[in-house]
Protein chains: 2
Amino acid sequence: MTRVLIVDDEPQLLRALRINLAARHYEVALADDGGSALRQAAQFHPDVVVLDLGLPDIDGVEVVHGLRGWTSVPIIVLSGRAGSQDKIDALDAGADDYVTKPFDIEELLARIRAVTRRASPHETQPVQIRIGERTVDLAAKTVSGGVRLTPTEWRLLELLLRHPGRLISQRQMLTEVWGAGYAKETHYLRQYMAQLRRKLEPDPARPVHLITEPGMGYRFAP
Amino acid sequence: MTRVLIVDDEPQLLRALRINLAARHYEVALADDGGSALRQAAQFHPDVVVLDLGLPDIDGVEVVHGLRGWTSVPIIVLSGRAGSQDKIDALDAGADDYVTKPFDIEELLARIRAVTRRASPHETQPVQIRIGERTVDLAAKTVSGGVRLTPTEWRLLELLLRHPGRLISQRQMLTEVWGAGYAKETHYLRQYMAQLRRKLEPDPARPVHLITEPGMGYRFAP
DNA sequence: CGACAGCGTAGGGAAACCGTCAAGATGCGA
DNA sequence: TCGCATCTTGACGGTTTCCCTACGCTGTCG
């Protein structure tokens, strides 16, 4: 079932879309500002995000940036502003499509079908990754052996696992998992990397998959 | 280089797009009806197709179907008809995006960037460089053969590798790696160049890739 | 032949960094 | 309101990395 996150500050629109999408057997989550949108995206893991640019707290383009920091979920932008520059900014920030209000609900549905159709083969690619004796499923958010991870642990692990073999800088990890204001709190990294190792590594004291690169960052070695 | 196939029956539009895209270093192919569009797509293998729905011979939606029969190349549909049903039909036929004429050329370019960005996540080209028997990946910060480098070693090596064959002055290396106050500490250079050679050169005593230019600086010879 | 300048190598102390244990603070559901 | 899971914060010992000093080598030039 396709999961849709709708972000808009008009209750009417939210309601209309929720009803229409639910009637077509989409699973729907709602958010009415940028902050809750980012939180919802992390928890709900939608297959597509419908995002209004005119939000009360954060600029919509910033929300796109925030999402693109850690996910490639398709984003369809809504906006009342018909100006072309808005479209260009949103698309270049990483949005996949742009619809100007007022729009026909059928057209939005068609665009949702279009972006999810393109993204769906991506979904079938292996999201199961082995770490030692454990198997991690990023899509289902499960780890074999009855291991459970907290939300923060998931975000951190996902960031590493999505770039196998690549060095992820401390700065990148901190800003993408905790936020832009935490770029220097390397303490958190040590704390949570230790927890991940305890839960995933065969011998947590001698990690072979979650590798430290002193002074630079961490790396997931498959 | 991204390859774009433009299908439209208006010579003016074809010309305008061709010029704009060529100026931005796209490779462009043109077609003015559905038949040649399908032929061109087969021969030219574009990375994205810009397709006008109002063609003289075949209905645009049929062209979409024809393309989707064998390729998943992103398709951006153009149309003068603003009616929503057109959009829905085209999107459901397999198009990826829809732009209504008249459109801002910048907007179309942004949409081209959006669909190509999505279609080719492989564009994150691995910057791999060979040094003797070792392979260095600057993006992933890895060296083949289990070799590990420290942060300072990486900074120094990156500076050299980003300018293959070029002489890098001691002054430049010192200021870029250690800071403006270290411009005369040539000592550090010898120290770290020796370490890099030990880790990367087949015979550290006889360097063939990390070359000393006495009195001047160092050079990376590919 | 000797002085000198530039380069390569080795090793030790200091500082920065990392892993770990432990405890306080916070938020959420019962 | 309480209890639990999670997130923050603090403290300490071990390790890596960096900075710095010392010394041998080579080629040039007087």
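Letters go in sequence order (proteins before strands), and every chain restarts at 1.
- Between B:R190 atom CZ and D:dA22 atom P the separation is 15 Å, expressed in whole Å.
- One atom, CG of B:L196, and another, P of D:dT17, lie 13 Å apart when rounded to the nearest Å.
- For C:dG19, one of the phosphate oxygens OP1 or OP2 lies less than 4.0 angstrom from a side-chain nitrogen or oxygen of A:T212.
- If you take NE2 of A:H187 and P of C:dC18, they are 12 Å apart, rounded to a whole angstrom.
- Across all strands shown, B:T152 has heavy atoms under 4.0 Å from sugar-phosphate atoms exclusively, and none from any base.
- Using a cutoff of 4.0 Å between basic side-chain nitrogens and carboxylate oxygens, B:E106 and A:K87 are not scored as salt-bridged.
- A:Q191 places its CD atom 14 Å from the C1' atom of C:dA25, with the value rounded to the nearest Å.
- Of the two residues contacting DNA chain C, namely A:M193 and B:R197, the nearest-nucleotide position lying further toward the 5' end is that of B:R197.
- When heavy atoms are screened at a 4.0 angstrom cut-off, A:R206 is found touching no nucleic acid atom at all.
- Using a 4.0 Å heavy-atom criterion, one finds that A:Q170 contacts the sugar-phosphate atoms exclusively.
- Note on B:E185: nothing from the nucleic acid sits closer than 4.0 angstrom, heavy atoms only.
- Taking 4.0 angstrom as the limit, A:Y188 places none of its side-chain polar atoms (N or O) nearer than this to OP1 or OP2 of D:dG10.
- Residue B:T150 places none of its side-chain N or O atoms closer than 4.0 Å to OP1 or OP2 of D:dT16.
- Applying the 4.0 Å criterion to OP1 and OP2 of D:dC7, one finds that A:W178 has every side-chain N and O outside that range.
- Note on B:R3 versus B:D47: no salt bridge recorded, every NZ/NE/NH1/NH2 to OD/OE distance being 4.0 Å or above.
- Proximity of B:Y192 to the phosphate of D:dC18: a side-chain N or O atom is located under 4.0 Å from OP1 or OP2.
- A salt bridge does not link B:E201 to B:R134: none of the charged side-chain nitrogens sits closer than 4.0 Å to a carboxylate oxygen.
- Other residues, nucleotides and ligands contribute more than 12 heavy atoms inside 6.0 Å of the CZ atom of A:R130.
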